[in-house]
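Some notes on the structure that comes next.
All ligand and atom numbering here is 1-based and tracks the order in the structure. The model shown is predicted, which means the values in this text are computed figures rather than measured ones.
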Amino acid sequence: MYNRMLMPLLFNEGADVEYKALTEDVAIWDVAAERQVQLKGPDAHKLAQLITCRDISNLKVGKGVYAIMTDQDGIVLNDPVLLKVDDETYWFSIADSDVLLWAKGVSVSQGFDVKVTEPDVAPLALQGPKSADLVKELYGDDDLIDSLGHFDFARDPVRTSIVSPTRPDLPPIPTLLARSGWSPELGYEIYLEDGARGGELWDICIAAGEKYNIKPGAPNQQRRLEAGMLSFGGDTLEDTNALELGLPKRFVNPFMEPEFIGKEALQKIVNEGGPKRVFCGFWFLNSALQQGDYMRGKHLRIFGTVDGDEDAMSEYTDGHELPHIGVVTALGYSSKFGKHIGLGYIDKRLEKKNAVVGVETSSGHMLAAKVSTLPFKVNGKPGGRMASRAE
Ligand code: THG
């Protein structure tokens, strides 16, 4: 369940077929569970700003941004994409937690003039190198598609409605079209604005995508691990603060002009020397793991020394006597890198040292892993894409 909805996670042909479609052709994912929390009214901007630690003063209509939400202690509540739909309408396209109630609660406490709702909007993701060709066919508007930069979107009753090729007599399907998605590939998201027409939209995409080898899939864990992208809930702990995510400064900006919930707490953390642990990657060094081994959302404890000395570590068959210095929150096999990789948190002192640490598996064994900054790099080049972290 995701936002109290079912979300398809794997299709019959299997994870390898989905991965290949995503990286070479185009994959289609039903991500309707990424609900929209709409803020509408004269104070919509004020409320949106108050609940994200990113400066959105200059956000333009038609632009989306990755907008982390924090509580009064700077703890991450959600990591939505925020879309400015018009001057008085914002959508938070949320990950799996109760943003609707949080936004209503904050709004009422401030006496804001804004309505907070969950409109009938259901995103559908088309991700992969051939996704642009496919959306061009769906919308028949190459100029529009070519004009969309990363995280831009368009919403227009004519230009972003989809006419069914087989049923042109039916009213066009209303959508918002964004260039975004939870993968490092080129990708688009169709925000369907009439839930009753979901099946029809899916069928239209599958039919138009046939010549691009489209495959149904789901937000791809293997690819997002390679890209070092955060999975809220899986990779965030109860007490993860926004500074620990290691995102670029403009995403988490405690010293910006506008007020937001968590500002004081995050400033204090910076003033006291910064976060004690940081989100990072792990390269698993030994071959004890099987290709199918995959973990998300459990917390494997990490043991090691703050020196991260490889020779010292290799002497431990059982490193439990070492200090507990972090946690692995997800791991899986990367076919791109030819080894297992993971994500999690490590003591800040080890972040940039290529330290070798011991990761305790659920069966109590200790696996050696090397800490990596994100995005993962191979021969100095980011292994995902352009991931924002690389900037
Ligand atoms: N699409 C939409 N809604 C969503 C998601 C989505 N809601 C839930 C969840 N996914 C939100 N989380 C993320 C996390 C990361 C990214 C997008 C949504 C992402 N990150 C890039 C990175 O980390 O490299 C780029 C960030 C940037 O440049 O701004 O894309 O997928 N509609």
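Below 4.0 Å from some heavy atom of D79 lie the following atoms of ligand 1, by number and element: 11 (C), 12 (N), 13 (C), 14 (C). Proximity to V81 (heavy-atom distance under 4.0 Å) selects the following atoms of ligand 1: 18 (C). Near G181, meaning under 4.0 Å from any of its heavy atoms, are these atoms of ligand 1: 30 (O), 31 (O). Of all the atoms in ligand 1, the ones that sit under 4.0 Å from a non-hydrogen atom of A95 are 7 (N), 8 (C). Within ligand 1, counting atoms from 1 as listed, the ones closer than 4.0 Å to a heavy atom of E189 are 1 (N), 2 (C), 6 (C), 31 (O), 32 (N). Each of the following atoms of ligand 1 lies closer than 4.0 Å to a heavy atom of Y66: 12 (N), 13 (C), 14 (C), 15 (C), 29 (O).
Each salt bridge (charged side-chain N to carboxylate O under 4.0 Å, His left out) pair with one or both residues in residues 96-117, not counting sequence neighbours, appears once here: R4-D98.
Q222 and S335 form a side-chain donor-acceptor contact under 3.5 Å, judged by distance and modelled atom types alone. Judged by distance alone, the side chains of R296 and T329 never bring a donor and an acceptor atom under 3.5 Å apart.
Remark: distances from the non-hydrogen atoms of F232 to ligand 1 are all 4.0 Å or more. In this structure, Y2 is part of the shell of residues with a heavy atom less than 4.0 angstrom from ligand 1.
For the pair S180 and ligand 1, the shortest N or O to N or O distance does not fall below 3.5 Å. Considering backbone and side-chain N/O of R54, none are found under 3.5 Å from N/O of ligand 1.
Annotation: R349, atom CZ; neighbour count of heavy atoms from other residues, nucleotides and ligands within 6.0 Å does not exceed 12.
By the criterion of a heavy-atom distance under 4.0 Å, neither the backbone nor the side chain of V65 is placed next to ligand 1.
In this pair, F11 and W202 present their aromatic rings parallel. The plane angle is below 30°, not in the 30 to 60° band.
The closest heavy-atom contact to atom 10 (N) of ligand 1, among the options E34, Q36, M229, H150, comes from E34.
Taking a cutoff of 4.0 Å between a charged side-chain nitrogen and a carboxylate oxygen, D152 and R179 do not qualify as a salt bridge. Ion pairing between D347 and R277 fails under the 4.0 Å rule for side-chain N and carboxylate O.
Residues forming a side chain to side chain contact (heavy atoms under 4.5 Å, CB included) with S334 (at least two apart in sequence, or on another chain): E226, K336, F337, I341.
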